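Accompanying notes for the structure given below.
Given the structure is predicted, the values throughout are model-derived calculations rather than measurements.
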Amino acid sequence: MFSRIARPTSTLVRSLSTSSQHNAKVAVLGASGGIGQPLSLLLKNSPLVSELSLYDIAHTPGVAADLSHIETRATVTGYMGADQLGAALKGCEVVVIPAGVPRKPGMTRDDLFNTNATIVATLTDACARYCPQAMICIISNPVNSTIPITSEVMKKHGVYNPNRVFGVTTLDIVRANTFVAELKGLDPARVNVPVVGGHAGKTIIPLISQCTPKVEFPADQLSALTGRIQEAGTEVVKAKAGAGSATLSMAYAGARFTFSLLDAMNGKEGVVECAFVRSEETDCKYFSTPLLLGKNGIEKNLGLGKLSAFEEKLVAEAMDELKGSIKKGEDFVANMK
């Protein structure tokens, strides 16, 4: 299901060096934050991006001025405050949203809900008004709820296209690839582990049985590896000891997904990424699976593929939590004034 040719990790490296050029206007909403700044730096370095539109509620002019001195072709403009949000979004083909508050020790992603739900609803409402055809890539947690929020807001404006709304779960794949490579002594750039389900705790389901190259682990090691992938975000939150959550690795993962999407929009074939999207693959309305990307977003949902008994159990155990998070997001929009 996942061929090496479709593996996009090398896309990030290629995007920093390739001479092929395309014109795309990309917005980062939350560009001054811990994820937003390194993400904007990676996007500025890519020849896939011709215009970079940076928005936040503070500090964006400074971030934009700083990035604008880099010797790559993307023009950078900073926008600050609600009155400039519309201008930031006009003409954008891709909008990446890392805005929101980060986790602190002891917090779950769901603890971020009240603050980040409002932020995501406000920003996606503006997307629906000013760039309704754009690809929307949501990084803001809890993704299991913020994607339903985004979808319901777009529906209210009559512009919802499920093929253009993505919950960026790429960091789960990046982590799985890294951890498997460490255990097996492999080059992580050559490892590809599909990760399905959602983007929090036990809803994160790495399909080690579908890893390329093929790898095997004893049951106890497989269970420990799965647990580490599921709780890797908490590992970083604890290590940062109150100074934030995963920002640099998330920026890398967000850039990787954005570059894959831009490649596919430019006509490259065989681009596959996992993302949390509207789905018919399970009895959850939204579910992350490998997606074949194309010029108009999702070209084909590649589904779950063949699961091991261990993975089938993980999927079954994730369903209730995932459905609850989805409903929480939908209810939030239904109750919005």
Side-chain angles (χ1 to χ4, degrees), residues 1-12 14-15 22 24 26 48 93-96 132-139 143-144 147-148 150-151 154-155 159-174 176-177 191-199 203-212 214 253-308 311-312 314-315 318-319 322 326:
M1 182 169 69
F2 266 75
S3 69
R4 166 70 8 223
I5 196 167
R7 170 67 193 281
T9 295
S10 55
T11 303
L12 189 62
R14 278 203 312 277
S15 293
H22 299 281
V26 179
L48 295 169
E93 291 148 274
V94 177
V95 179
V96 190
Q133 297 300 311
M135 306 288 179
I136 311 294
C137 308
I138 305 289
I139 291 172
V143 166
N144 293 355
I147 281 297
T150 300
S151 302
M154 301 299 268
K155 282 179 195 174
V159 296
Y160 176 55
N161 183 340
N163 294 327
R164 291 173 178 261
V165 176
F166 303 91
V168 180
T169 62
T170 315
L171 184 51
D172 299 325
I173 292 87
V174 167
N177 294 342
V191 176
N192 189 32
V193 181
V195 180
V196 302
H199 184 59
T203 71
I204 298 168
I205 304 162
L207 303 184
I208 308 291
S209 73
Q210 294 180 23
C211 177
T212 50
K214 188 164 177 55
R256 169 180 148 168
F257 185 82
T258 305
F259 296 149
S260 290
L261 191 53
L262 289 169
D263 272 339
M265 290 165 70
N266 287 327
K268 183 177 177 182
E269 295 185 355
V271 179
V272 175
E273 286 281 7
C274 295
F276 188 64
V277 297
R278 186 76 175 87
S279 175
E280 307 294 330
E281 297 303 314
T282 68
D283 60 353
C284 266
K285 282 188 198 173
Y286 298 86
F287 206 83
S288 181
T289 43
L291 309 168
L292 178 65
L293 302 176
K295 290 187 176 183
N296 298 304
I298 301 170
E299 198 160 286
K300 186 181 181 186
N301 192 320
L302 301 177
L304 285 165
K306 190 175 188 309
L307 303 182
S308 68
E311 291 158 357
E312 283 179 354
L314 292 176
V315 170
M319 284 299 181
L322 206 42
I326 290 165

Query raised in the report: With side chains defined as the heavy atoms from C-beta onward, is the minimum distance between Y286 and V277 less than 4.5 Å?
Result: no
**Report entry** Any V196 side-chain heavy atom under 4.5 Å of L207 side chain
**Finding:** yes
Query raised in the report: So, do V168 and I138 sit near enough that their side-chain heavy atoms are less than 4.5 Å apart?
Result: no
Query raised in the report: N144 side chain to G198 main-chain N or O, any donor-acceptor pair under 3.5 Å?
Result: no
**Report entry** Exercise: identify the closest heavy-atom pair between E311 and K306
**Finding:** OE1-O, 4.4 Å
Query raised in the report: Does the S288 side chain pair with the main chain of A275, one donor and one acceptor, at a distance under 3.5 Å?
Result: yes
Query raised in the report: In Å and rounded to the nearest 0.5 Å, what is the CG to CE distance from L48 to M265?
Result: 10.5 Å
Query - M135 and R164, any side-chain heavy atoms less than 4.5 Å apart - result: yes
Query raised in the report: Tell me, do I136 and T150 make a side-chain contact under 4.5 Å, heavy atoms counted?
Result: yes
Report task. Quick one: do V193 and Q210 satisfy side-chain contact (heavy atoms from CB on, under 4.5 Å)? Show the steps, please. Result -> CA-CA 7 Å; V193 181; Q210 294 180 23; over 6 Å; no
Query raised in the report: What are the two closest non-hydrogen atoms of P148 and F276, and how far apart are they?
Result: CD-CE2, 4.4 Å
Query raised in the report: Any side-chain heavy atom of N163 sitting closer than 4.5 Å to one from N296?
Result: no
**Report entry** Nearest-0.5 Å distance that lies between atom NZ in K268 and atom NZ in K295
**Finding:** 14.5 Å
Requested in this report: Please lay out, stage by stage, how I173 and N192 fare under the test side-chain contact (heavy atoms from CB on, under 4.5 Å).
Outcome: CA-CA 8 Å; I173 292 87; N192 189 32; 4.2 Å; yes
Requested in this report: Tell me, with the steps shown, if L291 and C274 meet side-chain contact (heavy atoms from CB on, under 4.5 Å).
Outcome: CA-CA 6 Å; L291 309 168; C274 295; over 6 Å; no
Query - Side-chain (R278) to main-chain (K285) donor-acceptor, under 3.5 angstrom - result: yes
Query raised in the report: Can you check whether F166 and F257 have ring centres sitting under 6.0 Å from each other?
Result: yes
Query raised in the report: Roughly how far apart are L262 CG and E93 CD, rounded to 0.5 Å?
Result: 8.0 Å
Report task. Give the minimum heavy-atom separation between P290 and P194, together with the two atoms involved. Result -> CG-CB, 4.2 Å
Query raised in the report: Under 3.5 Å, is there a donor-acceptor pair between the E281 and T289 side chains?
Result: no
Query raised in the report: Looking at R256 and T170, what are the two nearest heavy atoms and their distance?
Result: NE-CG2, 3.6 Å
Query raised in the report: Does any non-hydrogen side-chain atom of I205 lie less than 4.5 Å from one of L307?
Result: no
**Report entry** Whether over 12 other heavy atoms sit under 6.0 Å from K155 NZ
**Finding:** yes
Requested in this report: Determine the minimum heavy-atom distance between V143 and H199, stating which atoms define it.
Outcome: CG2-CD2, 3.8 Å
**Report entry** Shortest non-hydrogen separation from S260 to E273 and the atoms involved
**Finding:** OG-OE2, 2.9 Å
Query raised in the report: Going from CG on L314 to OG on S308, what distance comes out if it is rounded to the nearest 0.5 angstrom?
Result: 7.5 Å
Query raised in the report: Side-chain contact, heavy-atom cut-off 4.5 Å: V96 with V26?
Result: yes
